[in-house]
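Since the structure comes first, as structure tokens, the remarks are kept for the end.
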Amino acid sequence: MLDKITAQEFSQRRATLMQQLDDNSAVVIQSAAMQKRNSDVDYLFRQDSTFFYFTGFNEPDALLLLKKVAGVVEYHLFCQPRDKEMEIWFGYRCGAAGVLENYQADFAYSSETIAEKMPQLLNGTAALYYSFGRENLTQQVQLWLTSMHKRSRQGVTAPVQLMQLDEISNEMRLIKSAAEQQMMRRASSISAQAQVKAMRETKVGVMEYQLDAHIQHHFAINGCAQAAYPSIVGGGNNACILHYIDNSQPLQDKQLVLIDSGAEYQYYAGDITRTFPVNGKYSPEQRALYEVVLKANLSCIEMIAPGTPWDKIHQRAVLIITTGLVELGLLQGDVDELIAAEAYREYFMHKLGHWLGMDVHDVGNYKVDGQWRELAAGMVMTVEPGIYVSPDNNQVEERWRGIGIRIEDDVLVTENGSEVMSREVPKEIAAIEALMAS
Ligand code: GLY
Ligand code: MN
Ligand code: MN
């Protein structure tokens with residue numbers, strides 16, 4: 001089984017990108033930089049997703065330049081120079097010679113020469129594509145262009161079209177290749193098994209961060225050195241805080257615990273949420289709300305197939321959740337009117353899901369030409385309906401307050417329908433209770 005993206009696929013991605021551009025175009029993509037945490041301590045390095053997508057190169061302070069000249073594509077890569085002293089302290093660097101040998105670059109240079117070399121390399125290109133959202137890169141581009149304009153009397157011609165690269169690169173990343181689908185299956189599977197492990201380790205008195213420790217352990221043992229994002233482990237009221245990452249409290253009897261966690265496997269994210277009872281048995285109120293969220297989850301997944309408009313799936317979740325809340329007495333009134341007034345937003349305040357890929361909230365437009373996008377084979381999305389009853393909600397009976405539930409799966413759109421990649425972790429109440437009792 002393929003365990004990482006091959007050099008051939010990285011090369012194919014560069015070719016596919018450049019095929020879409022006119023002659024005399026250039027593309028510049030910047031790597032991530034090291035980020036300081038405190039004093040002499042840095043955050044763990046994580047390469048920029050788009051940079052990695054086109055290079056497979058995992059070092060900071062690098063820059064990719066692709067140029068198309070007379071129909072021929074040139075691949076230039078700037079990287080950190082070899083440096084004995086720095087490598088003793090911070091680790092091995094591939095260096096320009098290593099980049100030529102191992103990363104298929106046609107030309108390689110030290111990143112210390114970027115300011116001097118880029119104006120030369122861009123001379124004569126008509127269009128320059130880069131990510132407008134990268135502030136640091138935008139400033140560098142301005143400096144290169146200024147330097148080129150100053151040399152116009154010497155015949156230097158600077159690009160006249162500055163183009164948003166994201167429009168093209170994001171569309172490529174949105175549709176996952178067969179190899180990417182394999183990486184994502186693995187990320188989801190490891191994430192699902194970690195949730196099962198957490199369910200087994202849950203009991204009254206365990207700290208939220210201790211459940212996360214079991215999850216991180218499972219990720220690492222299975223080849224995921226880093227998670228895709230900090231886990232959310234929220235017991236009781238904490239489940240109603242959507243981005244709760246403190247994970248600092250002890251789990252108590254009669255509470256639910258919501259765990260939202262995902263492994264990162266070879267740069268691809270899992271993103272799974274399960275919500276289960278600390279003592280192993282859902283209370284009647286927890287069960288009633290859980291059944292509504294589960295119905296929304298299952299019904300939305302059923303809709304996933306090529307051609308389904310993105311927003312239609314969200315609307316299905318809204319309908320099921322609003323109807324359920326009316327039936328249980330948490331909302332009063334006519335379902336259609338409540339939906340029109342967005343009354344459900346008090347309980348379901350986020351969207352049904354998002355694209356999933358190298359970034360947990362992955363790239364790709366949700367609307368095309370003003371219309372909600374239709375799903376297509378190779379897209380991966382989450383389906384994550386939820387109901388969160390604030391502990392301060394005085395409109396409902398006390399017994400409902402502080403219950404927060406989300407059920408999140410990772411779903412690949414296939415030619416004929418969908419594949420739930422996170423299916424190894426149960427979500428039916430009976431299955432979860434049986435697992436926790438075993
Ligand atoms: N874990 C982030 C999300 O579910 O969107
Ligand atoms: Mn998600
Ligand atoms: Mn999530």
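For clarity, every value in this text was computed on a predicted model and none was experimentally measured. The residues of the chain are indexed from 1 along the displayed sequence. Ligands are counted one by one from 1 in listed order, and the atoms in each one are counted from 1 as well.
- Ligand 1 places these atoms under 4.0 Å from at least one heavy atom of E408: 4 (O).
- In E171, the CD atom is crowded: over 12 heavy atoms of neighbouring residues, nucleotides or ligands sit closer than 6.0 Å.
- Around CD of E112, the count of heavy atoms belonging to other residues, nucleotides or ligands within 6.0 Å does not exceed 12.
- Looking at V206, T275, V278, N238 one by one, the single match for side-chain contact (heavy atoms from CB on, under 4.5 Å) with V257 turns out to be V278.
- The nearest heavy-atom contact from the protein to atom 2 (C) of ligand 1 is H361 NE2, 3.7 Å.
- Taking the centre and axis of the six-membered ring of Y265, the NZ or CZ atom of R186 falls inside the cone set by 45° and 6.0 Å.
- Inside a sphere of radius 2.8 Å centred on the Mn ion (ligand 3), the protein N/O/S atoms present are D260 OD1, D260 OD2, D271 OD1, E408 OE1.
- Less than 4.0 angstrom separates some heavy atom of D260 from each of these atoms of ligand 1: 1 (N), 2 (C), 3 (C), 4 (O).
- The proximity of D271 to ligand 1, defined as any non-hydrogen pair under 4.0 Å, is limited to the side chain.
- The nearest N, O or S atom of H354 is closer to the Mn ion (ligand 2) than 2.8 Å.
- Counting heavy-atom neighbours within 6.0 Å of H217 NE2, excluding the residue itself, gives a total of 12 or less.
- Proximity of L289 to W400: side-chain heavy atoms (C-beta onward) are separated by under 4.5 Å at one or more points.
- When only modelled atom types and interatomic distance are considered, N297 and D409 share a side-chain donor-acceptor pair under 3.5 Å.
- Of the options R14, M18, Q19, K67, a side-chain contact (heavy atoms from CB on, under 4.5 Å) to V73 is made by M18 and by none of the others.
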